[in-house]
Each structure stands twice: as C-alpha cells, then as structure tokens.
Amino acid sequence: MANFTAATDCWFITGATASGKTAVAVELAQRIDAEIVSLDSMALYRHMDIGTAKPRPGERGPIAHHLIDVIEPHEEYSVAQYVAAAEKCIHEIKARGREVLFVGGTPLYLKGLLRGLFEGPPADWEFRHRLRDEAQQHEPGWLHEQLAAVDPKAAARLHANDTRRLIRALEVYEKSGMPISQLQQQFDRGRPADECRVFVLNWPRQVLHQRINRRVDAMFAEGLIDEVCTLLDKPEPLSRTARKAVGYREVIEHLDGRHTLEETVELVKQHTRQLAKRQNTWFRSLEECRFVPIHGELDPVKYAERIVAMTQQ
RNA sequence: GGGGGGUUUCCCGAGCGGUCAAAGGGGUCAGACUGUAAAUCUGAUGGCAAUGCCUUCGCAGGUUCGAAUCCUGCACCCCCCA
C-alpha cells in the first residue's frame, strides 16, 4: 500500500544539478499559481550563494521562495528537519489557497517528502563518535557484527564497510530499543508516477556535462573563491555539510595549497558530474518520477507548458 | 661528447623470469542510500561465441620450457658531468 504524506498532491521539479530547474519552475509556478519551496540541502545555507547556484532574487520572478537562506554555514541540518520545515510550508501555502511547487535536486529530501520518514531518535553525535572510535579499536567487521546481534535484518541490508549507516542503525536501537529495520518499512513503497506530479528534467548526458562545465567556469568568474574566503573568515567553523559541498571543498583545498587553480576548476567540474550521476541514479529508482526529456536549448516557457499538459492527460 | 634514470593497461603508478590481463589510486560505468545526503558506501572496468581463447607492459630482434620482468639494437623523455 502506498503511503500518503503532506506532499502527496504537491508539484515537484527536480533533475540533476545544472539542469535548468529554476527557470522552468518560475514559469510553471505562474501557470499553476504556486509558491516555490526549495528542495535543496545546500540552498538552506545563508552566505553560500555562488557555489550552490542559489536562485538570485532576479531569477525568482514574482514567485515567493521558501527554505532558502534559513541556516548559518556553521549549523548542521538533517532530512528530518527539512521534511518538518517543508510540511510547515505546505500547510501555510495551502492556507493561502496556492499550489506548492518543490524545486531542487536533493533526492533524499524528495524521497522523505514523498514517502515520509520513520519516527526515530535524533542524531546523538557523542554516541556516534564514541561508537566510531570503539570500532577502530576492533577488527573491520566489528560494527556489522554488533548490528547483526540486535537487528539481523538491518545488518543484512548494510555492507560491512557502511560505517555511517551501521552506526545510525545501532544508534536507533540504543535510543529507542527498536530495530531500525522494523521502524523504516514505509520507505520502500512508492506511488505510480501518473498519480504524482514529480517531473525530472532530463538532458542527454553530454549536453548536461557541457552545461555543468559552463556553470562551474561562471562560478569562478563570479567570485567563488572570495565567497569561500569570506566563509572561512567567520568565527564559527563551517559545518561538516557545508565544508564538503562540491565547489567549496575543492576551493578550500586550493586555498590550502593542495591544487593549482586550474586543477581546482577541473576537479569541481568532475565532482559536479559525479554528483549529477548519483542524482540520476536516485531518480531512476523512484517510481514517482516522470522524466521530461529536454532537447536543444532550454526554453522554460515551452517546458513549463509541457509539464502542465502532462498532468492533464 | 661521456655517465645515470626512465618509457606499464583511459590517467597516475607498482611489478623486476612462472602463481600477471598485471597491486594501489584516479577516472568511467552501474548500484545502494530514511535525522551528515553536493555526504557516504558497494560492484565492474583489455577483447571475445568466455570454467576457455585472443591481444596488451615504447619499437624490432634474441636468450629461455616460459619474459612486463634478462640480453642486443633503435626511438623518445629526464638528470648529472663536459
């Protein structure tokens, strides 16, 4: 049985990084009388503008945007916080009588909205660090064995090297007394694409790569390096998420003297392509997604209208 | 001109007579992913009619039952002396 969530009847425009989501979304929002909610784990951060390709005020048109610039670069965040914040947005926007249009390329957040999250304990970083340190004292498969003892079903799904997920599974068991495998069952069931409005802008791979390359060059031209310097000058250190964002991580390494500027630009392009690839793996795996093939130059009006038409068939 | 080091599979780089289609890393391809997700983890990666066959370690020869590994010559690159 498919599950219903607050986002079940919302609209979504997603797709790999640099696929032109913002432009299409602004056109679509005007046609369906929607407000936009960002579906992007990095646009949440204030002061990270260039490297996240955050839609600038000028690109947002007359449309209200939500969940952009809501946390500081030193703050940590989580899917659960995101989903909670997004559901609040949904209720408020609906109360104003408008449609809700999610726009962005963070597939985990997408899945969380579409299928809901299980009620679990929040992250306990002290616990995680302790477990991680303890694991390092033991043989490589130790964490996996620990989990297999309390939650064999979860252990069977996780690779012995998947430290992060093994630790979270143990954390859930420790805090709630329940095996994570028992709590997280709703996530496997999706809804058929034609019952949803989840649209994935889908470019031929080579063209997407060209768009990525051009965008990365533009980011450097617009001052990505200065933006990173400003972030590093802040009294609070960057959060682990912010620090590892594509574009930021490489520039930090460059400022550290690890790569030349030229190498850095190339690395950012390469890592952005890899990100796009992983995003597409997600979209292929989610039955809710409908792919919108893009040909030639992106014409936002044309594709916004095409998407509206797709929902009227 | 003399002496020394080097040339390895897409890239970097180990290998220094058999167990080598060749470690490791990168890239690429594919997959996973529920409180870090632009993160993290996994698998594949010379070719093929594929429990085997064929091609590959700068080029051409040679030694050997057997060579990426030893010898000879040639080409290119680097370093030192002149």
Side-chain angles (χ1 to χ4, degrees), chain A residues 3 5 14 16-18 38-45 48 50-54 71 73-85 104-125 127-129 132 140 143-144 154 156-169 171-172 175-176 179-190 205-206 209 212 215-216 219 224 238-252 259 263 266-286:
Chain A
N3 40 86
T5 67
T14 187
T17 181
S38 169
L39 178 71
D40 185 315
S41 61
M42 295 300 160
L44 293 161
Y45 284 106
M48 294 175 70
I50 297 172
T52 60
K54 190 179 286 174
I71 52 177
H74 64 85
E75 293 182 83
E76 298 293 352
Y77 208 69
S78 71
V79 216
Q81 281 173 276
Y82 174 81
V83 170
T106 301
L108 174 64
Y109 290 6
L110 206 213
K111 192 167 179 182
L113 284 171
L114 292 173
R115 303 193 184 175
L117 300 172
F118 74 96
E119 295 285 324
D124 176 344
W125 286 95
F127 175 87
R128 291 179 181 188
H129 289 143
R132 192 241 290 134
L143 275 176
H144 197 247
R157 288 181 74 159
L158 294 174
H159 191 277
N161 292 345
D162 199 346
T163 314
R164 226 174 250 206
R165 294 189 181 83
L166 291 169
I167 288 178
R168 158 98 285 227
E171 178 184 59
V172 168
K175 305 284 167 184
S176 69
I180 194 171
S181 58
Q182 205 174 109
L183 295 168
Q184 56 180 196
Q185 296 185 28
Q186 94 297 345
F187 222 47
D188 297 330
R189 293 185 293 265
R205 188 174 306 208
Q206 283 204 324
H209 286 359
I212 287 171
R215 187 155 91 174
V216 170
M219 284 176 179
L224 212 214
L238 285 180
S239 70
R240 94 192 78 231
T241 305
R243 203 181 331 138
K244 292 206 162 177
V246 175
Y248 295 85
R249 190 218 292 248
E250 297 81 358
V251 169
I252 290 169
H259 319 287
E263 287 165 347
E266 215 32 63
L267 279 173
V268 174
K269 289 177 181 173
Q270 192 172 90
H271 294 161
T272 306
R273 274 181 248 129
Q274 294 171 337
L275 164 64
K277 187 175 187 305
R278 270 176 277 129
Q279 289 173 305
N280 281 131
T281 301
W282 271 103
F283 301 137
R284 279 192 291 263
S285 77
L286 291 171

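Lettering of chains follows the sequences in order, A, B, ..., and the numbering in each one begins at 1. Any value given below was found using the heavy atoms of this structure, including those in side chains, with hydrogens, waters and symmetry copies removed.
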[X] [atom1] to [N] [atom2], straight-line distance once rounded to whole Å:
X        : N     : atom1 : atom2 : result
A:Asn280 : B:U28 : CG    : P     : 14 Å
A:Arg128 : B:A39 : CZ    : P     : 17 Å
A:His209 : B:U28 : NE2   : C1'   : 9 Å
A:Arg168 : B:A32 : CZ    : C1'   : 18 Å
A:Leu117 : B:A37 : CG    : P     : 12 Å
A:His259 : B:G26 : NE2   : P     : 13 Å
A:Leu267 : B:G25 : CG    : C1'   : 14 Å
A:Glu250 : B:A39 : CD    : P     : 9 Å

Heavy atoms of other groups near A:Arg132 CZ, more than 12 under 6.0 Å: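 More than 12 within 6.0 Å, yes.
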
May I ask you to say what [X] touches in the nucleic acid, namely base, sugar-phosphate or nothing, with a heavy-atom cut-off under 4.0 Å?
X        : value
A:Arg284 : sugar-phosphate
A:Pro107 : sugar-phosphate
A:Gln270 : sugar-phosphate
A:Gln279 : nothing
A:Arg165 : base
A:Thr52  : base
A:Gly120 : base
A:Gly247 : nothing
A:Tyr248 : nothing
A:Lys111 : nothing

Looking only at atom [atom1], what distance separates [N] and [M], rounded to whole Å?
N     : M     : atom1 : answer
B:C10 : B:G3  : C1'   : 36 Å
B:G27 : B:U72 : C1'   : 39 Å
B:U56 : B:G4  : C1'   : 30 Å
B:C48 : B:A68 : P     : 22 Å
B:G58 : B:G6  : C1'   : 11 Å
B:U45 : B:A21 : P     : 15 Å
B:U69 : B:U51 : C1'   : 29 Å
B:C70 : B:C16 : C1'   : 10 Å

Presence of salt bridge, A:Arg273 and A:Glu266, under 4.0 angstrom: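 Answer for the salt bridge query: yes.
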
Using nucleotides 42-45 of chain B, report all nitrogen or oxygen pairs with the protein that are shorter than 3.5 Å.
from	atom 1	to	atom 2	distance (Å)
B:U42	OP1	A:Asn161	ND2	2.6

Between [options], which nucleotide gets closest to the side-chain atoms of [X]?
X        : options             : value
A:Lys277 : B:U36, B:C29, B:A39 : B:C29
A:Arg157 : B:U36, B:A39, B:C33 : B:C33
A:Arg240 : B:U28, B:A39, B:U36 : B:U36
A:Arg249 : B:G35, B:A39, B:C29 : B:A39
A:Thr281 : B:C33, B:A39, B:U28 : B:C33
A:Arg278 : B:A37, B:G35, B:A39 : B:A39
A:Arg164 : B:C29, B:A39, B:A37 : B:A39

Pick the nucleotide of RNA chain B nearest each of A:Thr17 and A:Leu183; which residue has the one closer to the 5' end?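 Comparing both residues, the 5'-ward one is A:Leu183.
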
5'-most contact on RNA chain B: A:Tyr77 or A:Ser285, nearest heavy atom basis?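 Closest to the 5' end, via its nearest nucleotide, is A:Ser285.
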
Could you tell me which non-hydrogen atom of [X] sits nearest to which non-hydrogen atom of [Y], and how far apart they are?
X        : Y        : result
A:Val268 : A:Glu250 : CG2-CB, 3.6 Å
A:Leu224 : A:Ile50  : N-CD1, 4.0 Å
A:Tyr45  : A:Pro73  : CD2-CA, 3.5 Å

Using the salt bridge (charged side-chain N to carboxylate O under 4.0 Å, His left out) criterion, which residues pair with A:Arg249? Sequence neighbours excluded.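 Partners of A:Arg249 by the salt bridge (charged side-chain N to carboxylate O under 4.0 Å, His left out) criterion come out as none, since no residue qualifies.
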
For A:Lys175, what residues pass the salt bridge (charged side-chain N to carboxylate O under 4.0 Å, His left out) criterion, not counting sequence neighbours?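 By the salt bridge (charged side-chain N to carboxylate O under 4.0 Å, His left out) rule, A:Lys175 matches A:Asp124.
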
A:His129: partners by ring-ring contact (aromatic ring centres under 6.0 Å, His included), with sequence neighbours left out: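 Checked A:His129 against ring-ring contact (aromatic ring centres under 6.0 Å, His included); matches are A:Trp125.
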
With a 4.0 Å limit, can you tell me whether A:Thr241 has a side-chain N or O closer than that to the phosphate oxygens OP1/OP2 of B:A37?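 Answer is yes, contact under 4.0 Å.
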
So, does A:Tyr109 get its side chain near the phosphate of B:A37, meaning an N or O under 4.0 Å from OP1 or OP2?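 For A:Tyr109, the contact criterion (side-chain N or O under 4.0 Å from OP1 or OP2 of B:A37) is met.
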
Would you kindly say whether A:Arg215 and A:Thr17 are connected by a side-chain donor-acceptor distance under 3.5 Å?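 Side-chain D/A pair, A:Arg215 to A:Thr17: present.
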
Test of understanding: with side-chain contact (heavy atoms from CB on, under 4.5 Å), list the residues that count as partners of [X], not counting sequence neighbours.
X        : answer
A:His259 : A:Glu253, A:Glu263, A:Thr264, A:Leu267
A:Thr106 : A:Asp40, A:Ser41, A:Tyr109
A:Ser181 : A:Asp151, A:Lys153, A:Ala154, A:Pro179

Which dot-bracket string describes RNA chain B (Watson-Crick N1-N3 plus N6-O4 or O6-N4, or G-U N1-O2 and O6-N3, all under 3.5 Å; [ ] crossing; | other strand)? (((((((..(((.....[.....)))((((((.......))))))(((...)))...(((((..]....)))))))))))).

Once side chain to side chain donor-acceptor pair (under 3.5 Å) is applied, do any residues pair with A:His74, and if so which ones, sequence neighbours excluded?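 Counting only residues at least two positions away or on another chain, A:His74 forms no side chain to side chain donor-acceptor pair (under 3.5 Å).
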
